[in-house]
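Have a look at the structure below, then the notes.
Both ligands and their constituent atoms are indexed starting at 1 by order of listing. Computed over heavy atoms, backbone and side chain alike; hydrogens, waters and symmetry mates excluded.
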Amino acid sequence: MQEINWSELSFGYMPTDVNVRCEFKDGKWGDVYTCEDPYINVHMAATGLHYGQEAFEGMKAFQGKDGKVRVFRMDENFKRLKNSCEGILMADLPWDKFENAIMTVIKENKRFIPPYGHGASLYIRPLIFGSGAQVGVKPSSEYMFVVFVTPVGPYFKEGFKPTSLMITREFDRAAPQGTGTLKVGGNYAASLRSGQLAKENGYSAVLFLDAKEKKYIDECGPANFFGIKNNTYITPKSPSILPSITNMSLQVLAKELGMEVEVRPIPVEELDTFEEVGACGTAAVISPVGSIMDYENKKEYKYGTEAGEKSTLLYEKLKRIQNGEEEDKWDWTFLVE
Ligand SMILES: *Cc1c(COP(=O)(O)O)cnc(C)c1O
């Protein structure tokens, strides 16, 4: 048995004991089963490989101070996966198969769940793809659902520190009436080049603008955007962003902390007025943003070298709920029993 050094975990892939699968064939989903093989035997004409019929989710399980293991808001991940499946015409999975698969993969890989106190967690990656052979452009009649887990370290190794973003009008992630609201692999393929450009220039991600007018903030790489000013949490309303479950949760917590919440278009120039800016998603919860470089306009927006006060409060409150250290008023956590 390998020894895992919980404090040294990175945010990468580590093999575990089993993955869990379920297959859709002849118009119905089969039984959920476990599998030791990390490889999948897929037909070369599978629509998932050719036409991008693929959707995924990302969530985490945490071992709390009380020793209990909690999965954060998996009902929301399920709803979003269902929506992604509908959006690209894939067979959608019933809740009982989803829940069974998630709980099974966690229990069967129990020894990989990081204990409380290292800032580490068990990352859960469900995915569905068209597995049936097809050459014409149409949806597959067969699908495969797979869930694997991998222990991951804290997103911020050096603590909760601001990163920098880059705005460029050279690339779009998703079109206004496109697939931006779905968690599908195709959106990620479309964002790889701009993401690489950002990293080459020393930024952690691209902050995408709306593809139509390039006037409003959309989201940043694989995370939603928010700004804070005058005790108000402001996050973009747009037809091309992915509805982040972390963002939804932060909006609830912001109200709980006595802040106002606004969901509306955010013009680029408004970046000048924010006291705090952050990116949010499952990986980091909040990634505070210290500066944003508008590349084409050669203008830099600055927010300081330390995480803002409100962002820190929101971050800690959400983490405490995930770890079972604070009352879960909204029934966000699912116990693994
Ligand atoms: C997954 C994802 C997010 C973050 O969503 P969470 O549910 O908070 O993890 C944000 N933007 C994009 C494009 C994503 O794919």
- Message: Do Q53 and T47 pair up side chain to side chain, a donor and an acceptor below 3.5 Å, judged on atom types alone?
- Response: yes
- Message: Donor-acceptor pair, distance only, cut-off 3.5 Å: does the side chain of S191 make one with the backbone of Y188?
- Response: yes
- Message: What I want to check is whether the side chains of T235 and Q251 have a donor and an acceptor closer together than 3.5 Å.
- Response: no
- Using the six-membered ring of F274, assess whether NZ or CZ of K229 lies under 6.0 Å from its centre and within 45 degrees of the ring axis. yes
- Using only heavy-atom distances, determine whether the side chains of S249 and R73 contain a donor-acceptor pair under 3.5 Å. yes
Donor-acceptor contacts under 3.5 Å from residues 114-121 side chains, at least two apart:
unit_1 : atom_1 : unit_2 : atom_2 : d
Y116   : OH     : E325   : OE2    : 2.4
H118   : ND1    : S7     : OG     : 3.1

- Query: Any idea which residues sit under 4.0 Å from ligand 1, heavy-atom distances?
  - Reply: R80, R173, K183, Y188, E219, G221, P222, A223, N224, L242, S244, I245, T246, G281, T282
